[in-house]
Engineer: 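Input: one structure, supplied below.
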Amino acid sequence: MMKLLPSHHAHNIREVMRRWKLLQKSAGMRATMLLTIEGHSIFGFETQAAKAGAPAFYLSTGVHGDEPGSMWGLLLWAEKNIDKLQRDSFLLLPLLNPIGMRLNTRADHRGLDINRRFHLTDDPLTSAWQRWTAERPMIAAVCLHEDYDAQGCYVYELGHRQKSIGRAILTRYDGPIAVDPRSRIDGQRAKDGLIRRNKLPMHLAGMPEAIELHLRGCPLTLTFETPSEFSLGDRLVSQMRFISTALEVIGT
Ligand SMILES: [Zn+2]
């Protein structure tokens, strides 16, 4: 895997977007430009089935620029699954914070954490995201992230149903990085890598993407985190495996 990705490539956003453009062509996806920042365009891609209105599986990453494992994980998963993209309904946001990714910073080009701004109607990026997602029905959303405190992989689950889908996915997940064993993660109760939220956290300064999607009616949102102090190769393979397992369990 590391041959595919020399370490100096970790934050090479031009390479990442060049490969998404190739994927767009080979999978027949439609690209919508949400915003351009310092010459870097932020795209949302939709597959043919999504364009035709079939409820989509939503996959996004690159919200935080210091989390390259999830950006590469989504790209490499997509490159291995072109047939799926040609056939099934997907919405894909491969890099929401290009300047942060280039600079290896959590914050964006304004010094802001995008993942506290998804509720805002006057933010140029998240308001464009709101318009793009508004008309598009979803089966489930997976937001891919990394965490430098993590000791393994873990998942936040937010759903409108009682039964946990996150548990079923983690039981079948077989990535090279095991689940985080801690019973408290990020100040919240966790069990075998799963944090289920019944109540929305009130301490946040603004809305993360997953919570905003939940409030807008997405039936299931999962935020997957890999530990960013672990090896990049293992992190991106873990990200790819989580996406594949989530698709198997949820179905497209
Ligand atoms: Zn993150």
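Numbers for residues simply follow the sequence, beginning at 1. First listed ligand is number 1; within each ligand, the first listed atom is number 1.
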Engineer: Can a donor-acceptor pair be found, under 3.5 Å and without considering hydrogens, that links the side chain of S238 to the backbone of I177?
Structural biologist: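 Checking the backbone N and O of I177 against the side chain of S238, a donor-acceptor pair under 3.5 Å is found.
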
Engineer: Are any of the side-chain nitrogens in K51 or E46 under 4.0 Å away from the carboxylate oxygens of its partner?
Structural biologist: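 Salt bridge between K51 and E46, a charged N being under 4.0 Å from a carboxylate O: no.
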
Engineer: Ring pair (Phe, Tyr, Trp, His ring centres under 6.0 Å): which pairs involve residues 133-153, sequence neighbours left out?
Structural biologist: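 Passing the test, one end in residues 133-153: H64-H145.
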
Engineer: With 2.8 Å as the limit, count the protein N, O or S atoms near the Zn ion (ligand 1).
Structural biologist: 4

Engineer: Of all residues at least two apart in sequence or in a different chain, which pass the ring-ring contact (aromatic ring centres under 6.0 Å, His included) check with F45?
Structural biologist: W20, F43

Engineer: List in chain and number order the residues that pass ring-ring contact (aromatic ring centres under 6.0 Å, His included) with F224, two or more places apart in sequence or in another chain; answer none if no residue qualifies.
Structural biologist: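 Expected list: F242.
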
Engineer: I'd like to know if V16 and I82 are part of one continuous hydrophobic network [Ile/Leu/Val/Met/Phe/Trp/Tyr, side-chain heavy atoms within less than 4.5 Å].
Structural biologist: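 Yes, I82 connects to V16 through the hydrophobic network.
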
